[in-house]
Amino acid sequence: MAASSRTVFHVDMDAFFVSVEELFDPSLKGKAVVVGGQRDERGVVAAASYEARKFGVHSAMPLRTAAKLCSHAIFVNGHPDRYRSCSEKVHAVLESFTPQVEMASIDEAYLDMTGTERLHGPPLLAAHKLHQKMKADTQLNCSIGIGTSRLIAKVCSGKAKPHGMLYAVPGQETKFLAPLDVRDIPGVGKVTEQKLHSIGVLTVGDLARFADSFLDEHLGKWGLALAGKARGEDAGAWFDGVIGESEAAKSISHEHTYNHDTADVEQIESTLMRLSEMVGRRLRESQFHARTLQLKLRYKDFTTITRARTLETPTQLDNEIYRQIQTLFHANWRKGAEIRLLGVHASGFNEQALQGDLLEDQGRGNRNEGWLPRAHA
DNA sequence: TCTGGGGTCCTAGGACCC
DNA sequence: TCTGGGGTCCTAGGACCC
């Protein structure tokens, strides 16, 4: 068992956005810093320094709330381009350890370190070297979780923060998971936590008591997989699947929240035009054509609707995108009602392979058989 | 204290087809 | 005469993640 098990690293950068901002402005170091916008703006916290967290500030919290909890905090606008370029440096460091790197987001990655012992030594030594190289090459700290699956490694990195490492030894997974709070499991948010509590499940170990049919009924197939994992089984694709290159994007979207709600048609249409152009530009950059276009509309009272339209011919043209979005808007807007947010979303890229140049899709690997044209019956 | 923006995945119902 | 069953596509909404 242990001999054949995989070694998965989950590498998670510590307070990534804040740390990157500190590189650009060292005077921020050691202070309460909130990244995401100004203290009086509509918006939420994208990241908070550990100093700010002491005052109860955390990500996803409204900026104005953060300002009340921690009035001396320094508020900084986000710089996505800075984070992207730092993320590329992080990626390069990881690739120097193993080619099997999968960036799971801008600041975290899974590494398949199986079979790298001769090169890097046992897991904890390899992790120590990674810590050091990361700091040397990027000036950033990371936390490292080590286990036999993505799930175990991810849970470990969460427990290792900041700037730590944690290794769940092969064979001990069930024991390791059992006492954990269900909320420690990635994918269990507020809603699922409440559902689990209501049926008496507080820890991962508690899940083992329930029959599969019951879990399937109440939690769906994800809960089923988690329970399997809690019992030490391989639980399928996400938990146990191959760690490879990050896959191509499946959707592209842009949205905008107004600082002041509006029902002004000219203003609304110019926003939709701008969002359509942003989506179109990114489609062309990625050489995607989208089949499905979706409008998102959020009213003043936060009620939100989405309306989609699938085209016969996929597109990447600003004008075509805007025409569809504009039509959807006028067919669905409660006329005169004030709008808080507008969004334009493009998806259905796979089908493009049917119309377009299959050669373009070479090198994407052969796992995505779904996008290959089916043989004509 | 009102609640961003960019994503992924899942569910559920209806249409449609065999 | 009271009504199949599976599969796929599409839409809308929602949970969740960083």
Pairwise side-chain hydrogen bond (donor to acceptor under 3.5 Å, both in side chains) hits with a residue in residues 14-24 of chain A, at least two apart = A:D14-A:S143, A:D14-A:K161, A:E21-A:H79, A:E21-A:R82, A:E21-A:Y83
With sequence neighbours excluded, residues passing salt bridge (charged side-chain N to carboxylate O under 4.0 Å, His left out) with A:R84 = none
Qualifying residues under side-chain contact (heavy atoms from CB on, under 4.5 Å), relative to A:T174, sequence neighbours excluded | none
Protein heavy-atom contacts under 4.0 Å, written 5' to 3' over nucleotides 11-18 of chain C as B (base), S (sugar-phosphate only) or - (none), form the string SSS-SSSS
Looking at the side chain of A:K250, which of B:dG5, B:dT1, B:dC9 is the nearest nucleotide?
-> B:dC9
Quick one: which residue pairs count as a side-chain hydrogen bond (donor to acceptor under 3.5 Å, both in side chains) with a foot in residues 54-68 of chain A, not counting sequence neighbours?
-> A:E51-A:K54
Taking salt bridge (charged side-chain N to carboxylate O under 4.0 Å, His left out) as the test, write out the residues that go with A:D216, two or more places apart.
-> none
In chain order, what residues pass the side-chain contact (heavy atoms from CB on, under 4.5 Å) check against A:I74, with sequence neighbours excluded?
-> A:L28, A:K31, A:V76
Return the set of residues passing side chain to side chain donor-acceptor pair (under 3.5 Å) with A:N319 (not counting sequence neighbours), or none when no residue passes.
-> none
Which residues share a side-chain contact (heavy atoms from CB on, under 4.5 Å) with A:V265, sequence neighbours left out | A:E269, A:H330, A:W333
Map every base of DNA chain C to its dot-bracket character, where paired means a Watson-Crick or G-U wobble contact with both distances under 3.5 Å and | marks a partner outside the strand.
-> ....||||||||||||||
side-chain contact (heavy atoms from CB on, under 4.5 Å) involving A:S251 - partner list, sequence neighbours excluded = A:H345, A:S347
Establish, from distance only, whether the side-chain atoms of A:E102 and A:S246 form a donor-acceptor pair under 3.5 Å.
-> no
Residue-level proximity of residues 265-278 of chain A to DNA chain B when a heavy atom falls under 4.0 Å | none
